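These numbers were taken from a predicted model, which means no experiment stands behind them. Whatever order the structure lists them in is the order used to number ligands and atoms, beginning at 1.
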Amino acid sequence: MNRVPFVDLQAQIRPLQPQLLAATERVLQSSQYCLGPEVEAFEAEFGAMHETLYAVGVSSGTAALHLALQAAGVGPGDEVVTSPLTFVATAAAIRYVGARPVYADVEEHTGTLCPSAVEAALSPRTRALLPVHLHGQPGRLSELREVARKHNLLLIEDACQAHLARHHGQPVGTFGLAAAFSFYPAKNLGACGEAGLLVTNEPDVAEQARELRDWGQSRKYQHDRFGHNYRMDALQAAFLRVKLPHLSAWTSARQRLAQRYDELLSELPLTLPGRTPENEPVFHLYAVRVENRDEVKEQLHARGVDCGIHYPVPVHMQPAYRDPAFPPGSFPVAEGIARTTLSLPLFPELTEGQQDRVAAALREVLA
Ligand SMILES: *Cc1c(COP(=O)(O)O)cnc(C)c1O
C-alpha cells in the first residue's frame with residue numbers, strides 16, 4: 001500500500017498546472033520580473049481577503065517580520081517579547097534590527113504565548129510584543145493587545161502559519177501595528193519558491209515597508225532609508241494569484257480534517273490540539289502531544305505513515321540563539337511541548353481513507 005505522506009505539495013499543483021503555466025507565460029512575456037502589476041494585484045487581493053488596508057509583498061515571511069519591526073522603529077537597545085516555541089525566523093527578525101529577543105512561556109492548552117508570562121517578562125526596555133500564531137492557532141490577541149495598551153508597547157503578529165485564521169471573528173494580522181505572512185511552499189498558501197507579505201492598517205508603516213523592501217528608495221536612486229533587497233518576484237505573485245481563490249476552500253478542508261482527527265483520536269492516550277471558543281484555527285499543522293514521541297514517530301513510519309516534528313528544540317535552546325538570561329529549563333511548558341509534539345499528516349487533499357490509516361496506525365502503536 002502507498003505510504004501516507006506528511007504533506008503532498010504535488011496534489012495541489014497538479015490540478016492547477018494549466019493555470020500556473022499560463023501565469024508563467026504571462027510573466028515571461030511581461031519583462032517585469034520584480035514587483036510590478038502582478039505583485040500589486042496580489043497585494044490587493046490578499047489584503048482584501050484579510051480585511052486590511054495595506055499589503056506589501058516581499059521576498060519571504062522573514063523579510064516581512066524584519067520590515068515590520070524596522071518600520072515600527074524597533075532597534076538597538078530595545079527588547080521584543082516573543083515565544084520560544086516557534087521557527088527561529090521570529091527571533092532572527094528581532095536580532096536583524098539589533099533588538100534583543102526576550103522569551104515568555106506558552107500556555108499548555110494552545111502552545112501560544114501566555115499573557116501573564118508576557119507581562120512578567122516586560123522591562124523598561126521592552127518596545128514590542130511579537131506573538132506567534134503557532135500551527136495556525138491564533139495567540140491570545142485580545143489579552144496581548146490589552147497588555148500592549150497598558151504598557152505602551154507595539155504589537156506585531158507573526159501570522160506566517162495562520163492565513164485566514166480568526167480570533168473573536170476578526171482575521172489575524174489586524175490586531176496590532178503590522179503582521180507578517182509567509183508563502184513558503186509548505187505554508188497554507190504556498191508559492192513555488194520564496195515569498196511573504198506584510199499587512200498593516202497604518203499608511204506610514206505601509207509606505208516605509210514599500211521603500212525598505214526596495215533599497216529604501218523613495219524614488220529611483222534616492223535612498224532616504226537604509227533598506228534591503230526584499231522585493232517580491234512577479235512570478236511568485238502570479239502563482240499565488242492562481243492559488244489564492246482556493247485558499248478559503250483549502251482552509252475549510254484543513255479544519256474539517258482536523259475536526260475528524262479530533263473524533264478519530266479522542267480515545268487515545270495523547271493530547272489533541274487545544275480548542276478555545278474565541279479562535280478559529282486554520283491548522284497549518286495538526287500536532288498532538290505524546291510521550292515517547294520519537295519512538296511513536298518511528299513506529300508510525302514503519303506502518304507507512306510519515307509524521308513531522310515542529311519544533312524539537314525551542315529557540316532559547318538553539319546554539320545560535322542562546323542568551324545567558326534564558327538557560328534550558330527557563331520555559332518548562334514550551335520545553336515540554338517541544339519534547340512531546342508530533343505533527344500528523346494534514347493537507348487539504350488528504351483523503352478520509354488516508355486519515356483512517358493514520359488513526360489505525362496510531363491506535364496500534366499506542367495500544
Ligand atoms: C515560515 C515561518 C516564518 C518565516 O517565513 P519564511 O517565508 O520562511 O521566511 C516565520 N515565522 C513562522 C512562525 C514561520 O512558520
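- Applying the side-chain hydrogen bond (donor to acceptor under 3.5 Å, both in side chains) test to pairs two or more places apart or on separate chains, those with a residue in residues 57-71 are His66-Tyr230, Gln70-His228.
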Show me the donor-acceptor pairs, under 3.5 Å and distance only, between side chains in residues 170-183 and residues at least two apart or in other chains.
| from | atom 1 | to | atom 2 | distance (Å) |
| --- | --- | --- | --- | --- |
| Gln170 | NE2 | Thr174 | O | 3.3 |
| Gln170 | NE2 | Thr174 | OG1 | 2.9 |
| Thr174 | OG1 | Pro171 | O | 2.6 |
| Ser182 | OG | Tyr184 | N | 3.1 |
| Ser182 | OG | Lys187 | NZ | 3.4 |

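- Side-chain atoms of His316 and Asp323 include no donor-acceptor pair closer than 3.5 Å.
- Residue Glu211 forms a salt bridge (charged side-chain N to carboxylate O under 4.0 Å, His left out) with just one option from Arg219, Arg225, Arg231, and that option is Arg225.
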I'd like a table of the close N/O pairs between ligand 1 and the protein (anything under 3.5 Å), one pair per line with both atom names and the distance.
| from | atom 1 | to | atom 2 | distance (Å) |
| --- | --- | --- | --- | --- |
| ligand 1 | 5 (O) | Ser182 | OG | 3.3 |
| ligand 1 | 7 (O) | Gly61 | N | 2.7 |
| ligand 1 | 7 (O) | Ser182 | OG | 2.6 |
| ligand 1 | 9 (O) | Gly61 | N | 3.4 |
| ligand 1 | 9 (O) | Thr62 | N | 2.9 |
| ligand 1 | 9 (O) | Thr62 | OG1 | 2.5 |
| ligand 1 | 11 (N) | Asp158 | OD1 | 3.3 |
| ligand 1 | 11 (N) | Asp158 | OD2 | 2.8 |
| ligand 1 | 15 (O) | Gln161 | NE2 | 2.8 |
| ligand 1 | 15 (O) | Lys187 | NZ | 3.1 |

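- Aromatic pair His135/Phe283: ring centres not closer than 6.0 Å.
- Under a 4.5 Å side-chain heavy-atom criterion applied to ILVMFWY residues, the cluster that includes Tyr54 comprises Leu53 as well.
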